[in-house]
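Every chain is numbered from 1 and lettered A, B, ... according to where its sequence line falls, protein lines coming before strand lines. Scope of the values below: all heavy atoms of this structure, side chains included, with no hydrogens, waters or symmetry mates.
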Protein chains: 2
Amino acid sequence: MKDQKELMNLPHKTIERLSQYRRALLICVDEGRTHIYSHEIAKIQHITPVQVRRDLMLIGYSGTLRKGYNISELINLIGTIIDSEKVTNVALVGVGNLGRALIKYFNGKRHKLYIAAGIDINPEKIGKDYYGIPCYGPEDMERIIKEKDIRIAILTVPVQNAVESAQRLVDAGIKGIVNYTNKPLNVPSGVYLEEYDMVTTLEKVAFYVKLGEMEKGKD
Amino acid sequence: MKDQKELMNLPHKTIERLSQYRRALLICVDEGRTHIYSHEIAKIQHITPVQVRRDLMLIGYSGTLRKGYNISELINLIGTIIDSEKVTNVALVGVGNLGRALIKYFNGKRHKLYIAAGIDINPEKIGKDYYGIPCYGPEDMERIIKEKDIRIAILTVPVQNAVESAQRLVDAGIKGIVNYTNKPLNVPSGVYLEEYDMVTTLEKVAFYVKLGEMEKGKD
DNA sequence: AAACTTTTGTTATAAAAATAACATTGTTAA
DNA sequence: TTAACAATGTTATTTTTATAACAAAAGTTT
Ligand SMILES: NC(=O)c1ccc[n+]([C@@H]2O[C@H](COP(=O)([O-])OP(=O)(O)OC[C@H]3O[C@@H](n4cnc5c(N)ncnc54)[C@H](O)[C@@H]3O)[C@@H](O)[C@H]2O)c1
Ligand SMILES: NC(=O)c1ccc[n+]([C@@H]2O[C@H](COP(=O)([O-])OP(=O)(O)OC[C@H]3O[C@@H](n4cnc5c(N)ncnc54)[C@H](O)[C@@H]3O)[C@@H](O)[C@H]2O)c1
């Protein structure tokens, strides 16, 4: 395995792409393939083959000339880089429509990340299982985080509860948050935060579609 | 309004941030504020004040010294840049858990983007409304896209239907796709594609959490 | 077996993005 | 009224990211 220094120096974009490469490679394994060329990975990811080779160079993986990369080896190597050694447990806070969609989508996809608990305020949900994941009440949050050694939380509560929930998660010792609520959060340094908003994605698409049409109209 | 040349030259990241600024500004308006400083926007977005001012410079907006930026003016200007003049209609293909969460989240948030139709194969869903949006069968897809002048599609079908659905959307003249399925797609040039996978987001967070812990363990 | 092809791996260059430096200008206050 | 301040706006620089160029190797073709 690469040592810490090297991991730290990997570009952020490379980390993202490694995750995406693995996703694509896992699909290839399912299709029964054993090797893949850089230009094939590139096509799947909508990037250039050089970009792929450069990323793989950075993580020190070598393919075979004219044969490409060994898919399962590469999957394993990506695992040693981006995964922790032990399973990292995740809590999903707010077991609503989005939360359930995420649990269903995520669990089982990766070996080293596991949504180990749902947290919801709705009494009808507490005590139930959702796609095999037990749902607890907010009063148990701190305890469950400790007991299950949960490091990361996904936040899918209604927006008006976002700030309070995030604060409690941070206080309970969470080290990473993925925030899907409409409210940008502030967390202390030492807590890694990612936010995603589909409105931005859609607006970006709409902008470039508009630009494309203006371009065409010009002719 | 900025002319096309200028729009085209805006950095992609600036486009994303403009969307995010607007989201934050709309919250500020709700809170009754009229002006905001670059450092306040920056704090919300987890970026630097210089970045904010630079973006606003690029779109030609000027604030008032020691008073900051006029929030509603800025919201309007961002609108003239990233929105189209007319409402852009969007179709949501796959009215499942994720699809419904997205409809509920999205509609009403923006004036110039509207999810105008759901498409689903499930006979129980066809003909029903979801959060006010009518759901049609796949056999009506092409007709509805034409009738409602739908330009953009959000893809939330099961992964095994992703490729076929995307092909039909492209054939029907869709100009932009947001793909949430686990299958990376290929679209012809002229169709703008964005893909999002929460697994990548979560893995990225997990990686930096791991790095943070290795860092600490070092001391 | 020599020339060609295809693919990897690396270094060099270019492009994009972020940051820093600094000039400017109202406002406050000594 | 002038010095200090707090904010914007712009240009310069640095950093990050992506692309291009090219060398090397293994196979293929002639
Ligand atoms: N970022 C995006 O792209 C995106 C997309 C869709 C929805 N959203 C947002 O995600 C959130 C969830 O959306 P949804 O459609 O699932 O809503 P939902 O109402 O179906 O689910 C919210 C859940 O949170 C629970 N809850 C409320 N307060 C809580 C608390 N204090 N602690 C724990 N659980 C609590 C509710 O009981 C409910 O089950 C909303 O904030 C929504 O705006 C974001
Ligand atoms: N990218 C992400 O982060 C993310 C997160 C969650 C889910 N997903 C993916 O999003 C998709 C939807 O997830 P979900 O939980 O809502 O699943 P779901 O099964 O609840 O919904 C899928 C819907 O698509 C409909 N459908 C099936 N075939 C169709 C077709 N040919 N045309 C139109 N509709 C069709 C089904 O009837 C169903 O209503 C899945 O592919 C899932 O893997 C992605």
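- Using a 4.5 Å cut-off on side-chain heavy atoms (C-beta onward), A:Q20 and B:D197 make no contact.
- Between C:dG9 and A:S62, a contact under 4.0 Å exists linking OP1 or OP2 to a side-chain N or O.
- Going from atom CD1 of B:I47 over to atom P of D:dT15 covers 20 Å, rounded to whole Å.
- The nearest whole Å value for the distance from the CG atom in A:N70 to the P atom in C:dT7 is 17 Å.
- D:dA18 atom C1' lies 16 Å from atom CG of A:L10, rounded to whole Å.
- B:L25 places a side-chain heavy atom less than 4.5 Å from the side chain of B:I78.
- Within the structure, a side-chain polar atom (N or O) of A:R17 is placed less than 4.0 Å from OP1 or OP2 of D:dA18.
- The nearest whole Å value for the distance from the CG atom in B:N9 to the P atom in C:dA15 is 14 Å.
- Closest contact between the side chain of A:H12 and the listed nucleotides D:dT17, C:dT11, C:dA17 involves D:dT17.
- Here the rule is side chain to side chain donor-acceptor pair (under 3.5 Å) with A:S38, and of A:R54, A:K43, A:R53 only A:R53 fits it.
- Put simply, the side chain of A:R66 and the base of C:dT5 share a donor and an acceptor less than 3.5 Å apart.
- At whole-Å resolution of the value, CG in B:D55 and P in D:dT8 are 14 Å apart.
- The NZ-P distance, from A:K67 to D:dA24, rounds to 24 Å in whole Å.
- Contact between the side-chain N/O atoms of B:Y37 and the OP1/OP2 oxygens of D:dG9 is not found at any separation under 4.0 Å.
- Between the side chain of A:R54 and the base of D:dT19 there is at least one donor-acceptor pair of N/O atoms closer than 3.5 Å.
- At whole-Å resolution of the value, CZ in B:R53 and P in C:dC22 are 15 Å apart.
- Here the P atom of nucleotide D:dA24 and the CG atom of A:L65 are 13 Å apart, to the nearest Å.
- Nearer to the 5' terminus of DNA chain D, by closest-nucleotide assignment, is the contact made by B:G63 (compared with the other of B:G63 and A:V50).
- Taking a 6.0 Å sphere around NZ of A:K67, one finds it holds 12 or fewer heavy atoms contributed by other residues, nucleotides or ligands.
- Contact check for A:Y180 versus A:I154: side-chain heavy atoms found under the 4.5 Å cut-off.
- The phosphate of D:dA7 has neither OP1 nor OP2 within less than 4.0 Å of any side-chain N or O from B:S38.
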